[in-house]
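Have a look at the structure below before the remarks.
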4 protein chains.
Amino acid sequence: MSSATTPARGRRRSEQTRLAILTAAYELTTEVGYPDLTIEGIAARAGAGKQTVYRWWPTKADVLLEALALKADLKVSTADQGSFEAELDAFLQDSAALMAFPGVAPVLRSLMAEAQRDADFRRRFRDGFLLKRRAALETIVERAAARGDKPDRLTGAFAADVVFGLIWYRILATERLLDEDDIAALEQLLTEHPGKE
Amino acid sequence: MSSATTPARGRRRSEQTRLAILTAAYELTTEVGYPDLTIEGIAARAGAGKQTVYRWWPTKADVLLEALALKADLKVSTADQGSFEAELDAFLQDSAALMAFPGVAPVLRSLMAEAQRDADFRRRFRDGFLLKRRAALETIVERAAARGDKPDRLTGAFAADVVFGLIWYRILATERLLDEDDIAALEQLLTEHPGKE
Amino acid sequence: MSSATTPARGRRRSEQTRLAILTAAYELTTEVGYPDLTIEGIAARAGAGKQTVYRWWPTKADVLLEALALKADLKVSTADQGSFEAELDAFLQDSAALMAFPGVAPVLRSLMAEAQRDADFRRRFRDGFLLKRRAALETIVERAAARGDKPDRLTGAFAADVVFGLIWYRILATERLLDEDDIAALEQLLTEHPGKE
Amino acid sequence: MSSATTPARGRRRSEQTRLAILTAAYELTTEVGYPDLTIEGIAARAGAGKQTVYRWWPTKADVLLEALALKADLKVSTADQGSFEAELDAFLQDSAALMAFPGVAPVLRSLMAEAQRDADFRRRFRDGFLLKRRAALETIVERAAARGDKPDRLTGAFAADVVFGLIWYRILATERLLDEDDIAALEQLLTEHPGKE
DNA sequence: GGGTAACCGAGACGGTACGTCTCGTCTTCCG
DNA sequence: CGGAAGACGAGACGTACCGTCTCGGTTACCC
């Protein structure tokens with residue numbers, strides 16, 4: 001894709017300011033919590049003007065969404081490991097590790113909450129976060145299907161709903177994270193092949 | 001337990017006003033959405049003073065939580081129907097019907113979002129809504145366990161996490177409600193007895 | 001005028017409560033100041049209901065006006081003492097003493113302020129306080145006029161304006177009270193007979 | 001004194017808004033009276049936000065004090081006119097004219113009343129209004145003293161108390177303004193030289 | 001001595017302004 | 001011309017009192 005955009009006139013966006021804003025947002029939300037996080041506060045902490053924040057991000061949730069990518073490794077492994085069970089386990093271990101990363105769980109809870117309030121942000125959050133992780137899991141299930149290594153009636157979409165349902169329900173409703181027993185139970189639930197016998 | 005409270009001095013709380021406030025809150029949230037719902041707006045619509053709202057409910061979310069009980073039938077059947085499968089089906093059908101009730105799904109999404117922001121409300125929401133429904137499902141699973149009519153490794157708590165996880169994930173992340181296929185898939189997932197063969 | 005009112009049916013007004021309210025009002029105004037004095041506060045301090053206060057006094061200023069009479073001796077001597085100078089001196093000494101009584105000056109300042117805001121109270125304050133003291137001074141001046149013991153052009157009304165003007169201006173604008181020098185200067189100003197020589 | 005303040009960053013104060021607020025305050029107080037004058041009302045009438053009013057004035061009384069200077073000519077002549085009597089007459093005529101200016105007397109009554117309630121405003125009212133006019137009168141008396149053109153025992157401070165006492169007492173307690181007879185009587189009272197004969 | 005009327009403390013009610021807070025925009029100057 | 005500083009219009013927040021209106025309960029007169 002060639003650069004069809006104008007070749008950038010005037011002063012260029014300050015990368016330093018961008019990082020200062022993202023860092024300030026992430027720190028502030030851990031300190032005061034998402035509800036008391038304000039654009040004014042972020043700008044002040046970053047030594048930036050409010051307008052600079054508004055110029056590049058539409059809401060504080062979007063700042064945080066970008067800050068999250070800066071702070072936490074959002075990548076998830078989808079490498080072919082030979083069996084559905086192994087790949088599912090890798091995925092769940094990755095997910096549990098992400099949630100255990102300092103500050104990540106509260107930020108995700110806040111972003112999911114914000115997504116309920118703001119329909120525009122909901123779309124950005126879905127496309128920029130939820131669907132990416134979902135796609136990884138669906139890839140795994142479909143690869144298993146191709147292998148014949150999967151319960152018959154389990155579609156990728158339904159499996160994703162069950163897995164992410166459990167993860168998010170734990171975050172949002174019970175404030176407990178996934179532990180080894182949960183992962184084992186989930187794997188058992190999704191990999192048993194009752195119809196095969 | 002006898003009434004140890006003082007025998008009610010002063011003017012009594014107005015039930016008429018209480019209903020007007022709850023109705024106003026429920027109507028307003030369907031009209032303008034939860035973020036634009038304000039205590040001022042509720043009071044104005046109800047013909048009540050702001051202080052009257054604040055006197056009885058700490059936040060607008062609490063008003064809505066109580067309004068929900070007024071508007072929608074929150075009861076869930078836990079009657080013994082002879083088999084785990086039948087009772088689970090009844091529970092899921094009840095839950096799907098509740099969600100399909102006009103205005104209920106958006107209100108629940110908003111309340112769950114609010115519960116992420118406000119730790120005090122989170123407790124009230126959990127105790128006043130989430131745990132009640134959860135208890136019903138756990139009752140069903142435990143009755144099945146007593147009957148020997150249940151997959152071996154499925155605990156009531158884990159089953160509840162999976163079921164409510166799916167329901168809430170659908171509401172919060174996909175905006176789709178449970179349909180018959182979902183219910184069938186969920187029942188299949190939870191009732192197969194792989195260890196029995 | 002005979003008592004045309006109905007001969008008092010029902011429970012009689014509680015003198016104890018009346019005194020409790022007046023005392024509470026006077027104490028509270030010295031503690032928190034007139035602006036933070038509230039009917040609710042008076043009632044609470046007196047152990048009375050708000051309605052009981054509203055039943056007998058239209059405003060907090062009226063409570064305070066009556067409380068003033070309870071706490072401070074508002075009487076002023078108009079006895080014939082033989083000379084204008086002696087009677088004027090007695091009046092001014094009385095007035096200075098009243099102002100020096102603990103709590104009186106702040107209450108009077110507040111009542112005069114309230115009289116500027118509330119036209120109804122203004123009339124009650126004028127009739128119930130200002131005019132009574134003014135009448136005393138005018139009596140003195142007129143008695144002096146009858147004796148021929150007074151500067152020619154000094155009318156009672158103008159003398160009263162000058163005297164009360166000075167007293168009130170001191171209270172309201174300078175927060176200084178009348179001292180002996182002021183009284184002497186005022187007496188000199190009003191008793192010199194330049195035209196007589 | 002050089003300007004030690006920082007050279008003004010950010011958006012400058014809007015003079016247009018300032019005038020709109022002062023005008024709105026003055027108009028509203030004449031329409032509804034000082035007690036029903038509210039900051040909210042002033043802001044609404046001026047098309048301004050409440051915060052803009054609060055940013056620049058601590059109370060509604062301060063808005064009115066500044067509005068007064070905008071609407072009425074508060075200047076008072078202290079020019080040397082050769083005699084105490086002539087200068088005193090000029091001062092009293094000026095003062096009577098100010099009071100007769102539309103809306104001025106009610107505003108002054110309200111500000112004096114407010115000064116009784118709010119100690120902080122009292123100081124600002126004293127320094128910003130009362131003392132300025134007082135200084136003018138004291139200048140006149142002292143110039144007369146230098147000329148030997150003044151009753152022996154009359155100090156400037158006492159003369160000011162008598163003059164302003166009369167003026168304010170008329171405004172606050174009698175709702176009558178100074179007329180020609182009052183001015184004549186006051187001049188006679190202050191200029192007679194009984195000791196000279 | 002029962003009936004009835006006015007009082008009492010308590011406190012909920014509809015209102016309304018308070019002063020604060022944050023929003024997102026606009027304006028100004030500096031680099 | 002990007003960015004900081006910060007004033008601006010807007011409007012909800014939660015609080016405080018207002019003055020009114022029930023309540024249940026207490027006197028005190030009247031028949």
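We name chains A, B, ... by the order of the sequence lines, and we start the count at 1 in each one.
- Residues satisfying the side-chain contact (heavy atoms from CB on, under 4.5 Å) criterion with P58(D), sequence neighbours excluded, are D62(D), R124(D).
- Atom CG in D120(B) sits about 13 Å away from atom P in dG14(F), given to the nearest Å.
- Under the rule for a ring-ring contact (aromatic ring centres under 6.0 Å, His included), the partners of F125(A) that lie at least two apart in sequence or sit in another chain are F121(A), F129(A).
- Atom CZ of R11(C) is separated from atom P of dG24(F) by 17 Å (rounded to the nearest Å).
- Within residues 43-68 of chain A, the residues approaching DNA chain E are K50(A), Q51(A), Y54(A), by heavy-atom distance under 4.0 Å.
- Here the CG-OG1 distance, from D120(B) to T59(B), works out to 9.5 Å after rounding to the nearest 0.5 Å.
- Partners of D118(A) under the salt bridge (charged side-chain N to carboxylate O under 4.0 Å, His left out) rule, at least two apart in sequence or in another chain, do not exist in this structure.
- Map R13(B) and I39(D) each onto its nearest nucleotide of DNA chain E; the residue landing nearer the 5' end is R13(B).
- Rotation axes derived from the C1' atoms of the five outermost pairs at either end of the helix from dG1(E)-dC31(F) to dG31(E)-dC1(F) lie 10° apart, to the nearest 10°.
- In this entry the distance linking CD of E40(D) with P of dA12(F) reads 11 Å, nearest Å.
- For R18(A), the salt bridge (charged side-chain N to carboxylate O under 4.0 Å, His left out) criterion is met by E15(A), E66(A), not counting sequence neighbours.
- The list of salt bridge (Lys or Arg N to Asp or Glu O under 4.0 Å) pairs with a residue in residues 22-46 of chain C, not counting sequence neighbours, reads E27(C)-R45(C), E31(C)-R45(C), E40(C)-K50(C).
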Donor-acceptor pairs under 3.5 Å, side chain of residues 103-113 of chain B to any protein atom, not counting sequence neighbours: which ones?
{"from": "R109(B)", "atom 1": "NH1", "to": "I171(B)", "atom 2": "O", "distance (Å)": "3.4"}
{"from": "R109(B)", "atom 1": "NH2", "to": "Q116(A)", "atom 2": "O", "distance (Å)": "3.4"}
{"from": "S110(B)", "atom 1": "OG", "to": "P106(B)", "atom 2": "O", "distance (Å)": "2.9"}

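- Checked against side-chain contact (heavy atoms from CB on, under 4.5 Å), I39(B) has the following partners two or more places apart in sequence or in another chain: V53(B), Y54(B), K60(B).
- For R9(C) against dT4(E), a side-chain-to-base donor-acceptor contact under 3.5 Å is absent.
- For the segment residues 15-37 of chain A, the set of residues with a heavy atom within less than 4.0 Å of an atom of DNA chain E is empty.
- Residue pairs meeting the ring-ring contact (aromatic ring centres under 6.0 Å, His included) criterion with at least one member in residues 27-52 of chain C, sequence neighbours excluded, do not occur.
- In terms of phosphate contacts, R12(D) brings no side-chain nitrogen or oxygen within less than 4.0 Å of OP1 or OP2 of dG6(F).
- Among the candidates L22(C), T23(C), L28(C), the single residue satisfying the side chain to side chain contact (heavy atoms under 4.5 Å, CB included) test with I42(C) is L28(C).
- Legend: residues meeting salt bridge (charged side-chain N to carboxylate O under 4.0 Å, His left out) with R126(A), ordered by chain and number and at least two apart, are E175(B).
- Between R117(A) atom CZ and dA12(F) atom C1' there is a gap of 13 Å when expressed in whole angstrom units.
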